[in-house]
Amino acid sequence: MQWIAPSEKDLATDTLEKRLWAAADQFRANSGLSAAQYSQPVLGLIFLRFAEVRFATQRAKLEKSSASSRRGSRVDEPAAYHADGILYLAPNTRFEALLRLPEAADIGAKVNDAMRDIEKHNPQLAGVLPKTYNLFTSTLLKELLKKVSEIPASLDYDAFGRIYEYFLGEFAMTEGQGGGEFYTPSSIVRLLTEVIEPYHGRILDPACGSGGMFVQSAKFVAEHKKNPASELSIHGVEKTDETGRLCRMNLAVHGLEGDIRHGGQVNSYYDDPHDATGRFDFVLANPPFNVNAVDKERLKDSVGPGRRFPFGLPRTDNGNYLWIQLFYSSLNAKGRAGFVMANSASDARSSEQDLRKELIEAHAVDVMVAVGPNMFYTVTLPVTLWFFDKGKAKTPRADTVLFIDARHIYRQVDRAHREWTPAQIGFIANVVRLYRGVELDFTLGGDEARSKIEELFGTRHKSHITCHYQNVPGLCRAATLKEIEAQGWSLNPGRYVGVAAGEAVTDEDFKEQLETLNEELETLNAQARELETTIAQNVTEILET
């Protein structure tokens, strides 16, 4: 199925976030600093602007209540702010105070001091905020502060979050491959959350980057009229210390707290800081793909039923099926997971095929979504979204998996990047809800998503339309485990969904298939090299005896 939404690249080019980015990027070019040096301090200033707006709103409320209270004013008590998930800001740390500093002052030192004081009064931010403002000249910092001050105090909570997310995405593009390690585009994350529906419970991301999975989960909860801070218990692991701090700052920007373990080379393969096995309601992740050089000797005690790697270790030197098992084993009996994975994992052969067979036969694989190229900022390859649901084993869909081909559903953002619109995300998520036999939800996508669902799945009656799941060639198919076994236990949606009547295989489809085959060839070549080495060692040992 093809649904290409109109491009908006020529609309709203003067939106606030784009104007702010254009100015900030110009300042960066004139500063002589790299994007990596520049990104966290700039995000720190946006963070401070946002924190001050929330602080000022709470302070006004406290002043109003203290006027009629006998217990006296609480406007300068940090606890009065923390109780509502708001950061307390001492006078010298407030954005307006920094903005008023004369250029002759050492503004870099003053901002560094402000960041230290914010951490002092808000312990959840200890060691998180950037303190490298001494790299900037006072002139440049003054200009940056002025530019960030253009963010109106009247902006709503979500608008501030969008600006922050926009800057994260732009820095990811600017920094290239490294930036992609901490940022997953919001439309991808939003679909993950819409499908797993994290209304309430413990949520884990063992490769959490800058925390986008948590932020979008909180947004899902808020849109369904609940308080994310009280509904979600957030847990993350991030190997890179700098990125872990970025995650905690991102959570704070959105009024959230979480147990984020980062730095010290903490690695989710070898380390389990949250004692995760069987404990989580939800897992969301975009792990690094095709990682090699994993020390399997360190993992041997974590293999077996009820452990972190319940189905065993892959023989190939590729970490994909280690991640997949970690996500599976972290879920409780009714837990759901949604994660991004390299296409090659859906069809991988040899020991990985055996692991995939066991996973499918465990009745946990619920939905597979094929995603087209150019949806990520730093890689062009298509990917697959996997969804687990351990609770489905006791439902009528226990012996089926839903496959969705979303490669031709997108909006072209610019020549090199695509995304999904809210209506497209809402549409795909509601295809899943139809399959699950649960109530449809058009909170995201509204009437546009509803009309698309009714067009493809609706039956018109005199006064209303009813919708029921059915296989739609070129879009979706619910395949049985027997059909999946006949396909060599493949979880590649393209093998099941087929092509809609009248549609032909496009050049782009061929390119995607070629890229996927090439990725698999590289994996097989790596396995062959590993086998050659083993054979050579065995022959040498035989000849020496």
Between [X] and [Y], which heavy-atom pair has the shortest distance, and what is it?
| X | Y | value |
| --- | --- | --- |
| A406 | V369 | CB-CG1, 3.9 Å |
| R315 | S350 | NH2-OG, 3.2 Å |
| C208 | I260 | SG-CG2, 4.0 Å |
| V237 | V266 | CG1-CG2, 4.0 Å |

Does a side-chain heavy-atom distance below 4.5 Å link [X] with [Y]?
| X | Y | result |
| --- | --- | --- |
| D405 | L475 | no |
| M1 | I409 | yes |
| T193 | F282 | no |
| F388 | V367 | no |
| T277 | S330 | no |
| S233 | I203 | no |
| H82 | I86 | no |
| L331 | V283 | yes |

Could you verify whether a donor N or O on one side chain and an acceptor N or O on the other, from [X] and [Y], lie under 3.5 Å apart?
| X | Y | value |
| --- | --- | --- |
| T466 | H461 | yes |
| T184 | N286 | yes |
| Y435 | T400 | yes |
| D272 | Y270 | no |
| N290 | N320 | yes |
| T480 | D399 | no |
| H224 | D441 | yes |
| S210 | N250 | no |

Please confirm whether the backbone N or O of [Y] pairs with a side-chain atom of [X], one donor and one acceptor, at under 3.5 Å?
| X | Y | answer |
| --- | --- | --- |
| Q424 | T421 | yes |
| S329 | R308 | yes |
| N332 | R279 | no |
| S230 | N227 | yes |
| K239 | S268 | no |
| T240 | E242 | no |

Partner of H262 by side chain to side chain donor-acceptor pair (under 3.5 Å), out of E238, R248, R245: R248
Could you give me the CA-CA distance, side-chain angles and deciding distance for C467 and E454, then say whether side-chain contact (heavy atoms from CB on, under 4.5 Å) is met? CA-CA 6 Å; C467 295; E454 290 177 348; 3.9 Å; yes
Verdict with reasoning, D84 to R54, per salt bridge (charged side-chain N to carboxylate O under 4.0 Å, His left out): CA-CA 10 Å; D84 288 322; R54 299 190 78 211; over 6 Å; no
Taking the ring of H235 and the ring of F280, is the distance between their centroids below 6.0 Å? yes
Give the ring-plane orientation class for [X] versus [Y], where under 30° counts as parallel, over 60° as perpendicular and anything between as tilted.
| X | Y | answer |
| --- | --- | --- |
| W386 | Y321 | perpendicular |
| Y328 | F311 | tilted |
| F327 | F339 | tilted |
| Y269 | W323 | tilted |

Salt-bridge criterion met for [X] and [Y] (N-O under 4.0 Å):
| X | Y | answer |
| --- | --- | --- |
| K452 | E448 | no |
| D259 | R261 | yes |
| R433 | E439 | no |
| R397 | D366 | yes |
| D389 | R336 | yes |
| E223 | R190 | yes |
| D317 | K296 | no |

Atom [atom1] of [X] and atom [atom2] of [Y]: how far apart are they, to the nearest 0.5 Å?
| X | Y | atom1 | atom2 | answer |
| --- | --- | --- | --- | --- |
| Q353 | S351 | CD | OG | 9.5 Å |
| M213 | L204 | CE | CG | 11.5 Å |
| Q325 | L313 | CD | CG | 7.0 Å |
| S344 | R349 | OG | CZ | 12.0 Å |
| I453 | I465 | CD1 | CD1 | 12.0 Å |
| S217 | E194 | OG | CD | 10.5 Å |

From CA spacing to verdict: side-chain contact (heavy atoms from CB on, under 4.5 Å), E352, N318: CA-CA 9 Å; E352 292 173 306; N318 185 308; 4.0 Å; yes
Trace of the salt bridge (charged side-chain N to carboxylate O under 4.0 Å, His left out) decision for R477 with E483: CA-CA 11 Å; R477 178 180 173 82; E483 290 173 315; 2.5 Å; yes
State which residue, out of I404, V340, I428, fulfils the side-chain contact (heavy atoms from CB on, under 4.5 Å) condition with L385. V340
Run the side-chain contact (heavy atoms from CB on, under 4.5 Å) check on S186 and E419 step by step: do they pass? CA-CA 9 Å; S186 59; E419 66 180 8; over 6 Å; no
Take atom CG of D447 as the centre, draw a 6.0 Å sphere, and report whether it contains more than 12 heavy atoms from other residues, nucleotides or ligands. no
Kindly confirm or rule out a cation-pi arrangement of R418 over Y410, judged by NZ or CZ under 6.0 Å from the six-membered ring centre and within 45° of its axis? yes
